[in-house]
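Worksheet: the structure to be examined is printed underneath.
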2 protein chains.
Amino acid sequence: MSAFPADPKPLTRIQTKNRAAILDAGLEVFSTFGFRGSTLDQIARAAGLSKPNLLYYFPSKEAIHAELLTGLLSTWLDPLTLMRADGDPVPELLGYVRRKLEMSRQFPRESRLFANEILQGAPRVKAALEGELKDLVDAKAEVIRGWAAAGKIADVHPHHLIFSIWSLTQHYADFDVQIRAVLGEEDPFEGAEAYLDALFTKMLTPA
Amino acid sequence: MSAFPADPKPLTRIQTKNRAAILDAGLEVFSTFGFRGSTLDQIARAAGLSKPNLLYYFPSKEAIHAELLTGLLSTWLDPLTLMRADGDPVPELLGYVRRKLEMSRQFPRESRLFANEILQGAPRVKAALEGELKDLVDAKAEVIRGWAAAGKIADVHPHHLIFSIWSLTQHYADFDVQIRAVLGEEDPFEGAEAYLDALFTKMLTPA
DNA sequence: CGTTTATTTTACCAACCGGTCAAAGCAAGG
DNA sequence: CCTTGCTTTGACCGGTTGGTAAAATAAACG
């Protein structure tokens, strides 16, 4: 007897390993080719499994993609959530920028998975965008508006400030190939951190 | 007898119309689903033709995509090309930002087509990125470096300045769905122009 | 008008797609 | 060692994919 209906059976050692391998392979493939452009064979090969074996662990292509996306969403909002209204405004915002850039550096595939989903019209996350995301952004925009009203930061459009942070940081993950083609050897993220730091410091420091 | 081997036959009225319809439909579909995620049936339907009829005008799916991409590349570089070394530095750069934002507003599908290609690793334009694009960017970066050295603009990393202009302007086309989900009614491009103008003015005006 | 050329359609193909199934192989506990 | 349940595989299915061949139709033109 358990408190909940349907005891969640513990995963076996093999299940844990193979599910992880599949999700990693799915991330690799989906983030490159998008949902429609990816095939189960591609994912199975990348995971080192046969296609039927892959479908033993996940019921469908959709299910793999869905698990990746839902797992991603909260992680993606973390850096913004961590921005505190009671902190020092400029450092709080710069910290947000740095955390977001760090995510692009460490999780470029996740960034591209998200970019692909949005480019395709966000069919599977539109609801979350208009719900959770909008709520969080609206709340944090209100905080920023307060800081501006109190003269602690320059007077900026809060929503567009947030968009610009998303844009600039994610660009280094999503357009990585292009940036490296132009820069050559140089590591993009080195220069990016200094550049974004200077940009937002200038932008936000009140006159 | 002609001066060239293989006279380029003039296109008939119907050819002109149908090729245009196919390219427009291809742009619509490819920009949404990427190359691998798009099907000839989708494109044919969007163009109001049957699939074999579509293949009467273009030899393959690849050919449609290739024509769209090559046609796009020069257009895409125009705004940067128009930035003149002998102009007034800050207005020249702000003009570049405005032209680029205007392209995002007027040609969002082209922007997404390009974004899709880059996300997929730029398999079909990598050479152009490392050639034409890099050459143009390097040249304009040198101009910007000169302006900074002469104290006419603030001291910024020229390449990252250009990346940030790409990023911020294209974001409004590529992530349109997300931005509208957060903003609600408000037209993104209205606020964007004022925001980007203020941002780059602050960033670039020398101390 | 008739004929020559451009266009469109119908029927079709082999390869690939997501997914199923039953049988085979395997690990672990008694 | 042998049973029981977990894991893997190979063969297969109906539908879709990019692309072709040839016949049917429409336009252009003398």
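Every chain is numbered from 1 and lettered A, B, ... according to where its sequence line falls, protein lines coming before strand lines.
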Length of the CD1-P vector between A:Ile43 and C:dG19, whole Å: 10 Å

Degree of bending, the helix from C:dC1-D:dG30 to C:dG30-D:dC1 (end axes from five pairs; round to 10°): 10°

Salt bridge A:Asp197-A:Arg98, side-chain N to carboxylate O under 4.0 Å: yes

Sugar-phosphate only, base, or nothing, as touched by B:Tyr57 at under 4.0 Å among non-hydrogen atoms: sugar-phosphate

Salt bridge present between B:Arg19 and B:Asp24 (N-O < 4.0 angstrom): no

Sub-4.0 Å heavy-atom contacts from residues 21-34 of chain A onto DNA chain D, ordered by number: none

B:His159 and B:Asp138: side chain donor to acceptor below 3.5 Å: yes

Footprint string (nucleotides 11-30 of chain D, 5' to 3'): B base within contact, S backbone only, - free, heavy atoms under 4.0 Å: ------SBBB------SS--

Touch class at under 4.0 angstrom, heavy-atom based, for B:Thr12 against every strand present: sugar-phosphate

Point-to-point distance, once rounded to the nearest 0.5 Å, from CE of A:Met83 to NZ of A:Lys100: 13.0 Å

Between A:Ser104 and A:Ser111: side-chain donor-acceptor atoms closer than 3.5 Å: no

Interatomic distance, A:Leu54 CG vs C:dT20 C1' [rounded to whole Å]: 14 Å

Separation of atom OH in A:Tyr56 from atom P in D:dG10, rounded to whole Å: 17 Å

Salt-bridge present (A:Arg180, A:Glu186; N to O < 4.0 Å): no

Pair B:Glu142 + B:Arg145, salt bridge at N-O below 4.0 Å: yes

Aromatic B:Tyr172 / basic B:Arg105 pairing, under 6.0 angstrom, 45° off normal: no

d(CG, A:Asn53; P, C:dA24) in whole Å: 18 Å

B:Lys126 atom NZ, over 12 foreign heavy atoms within 6.0 Å: no

Ion pair B:Arg84/B:Glu92, N-O distance below 4.0 Å: no

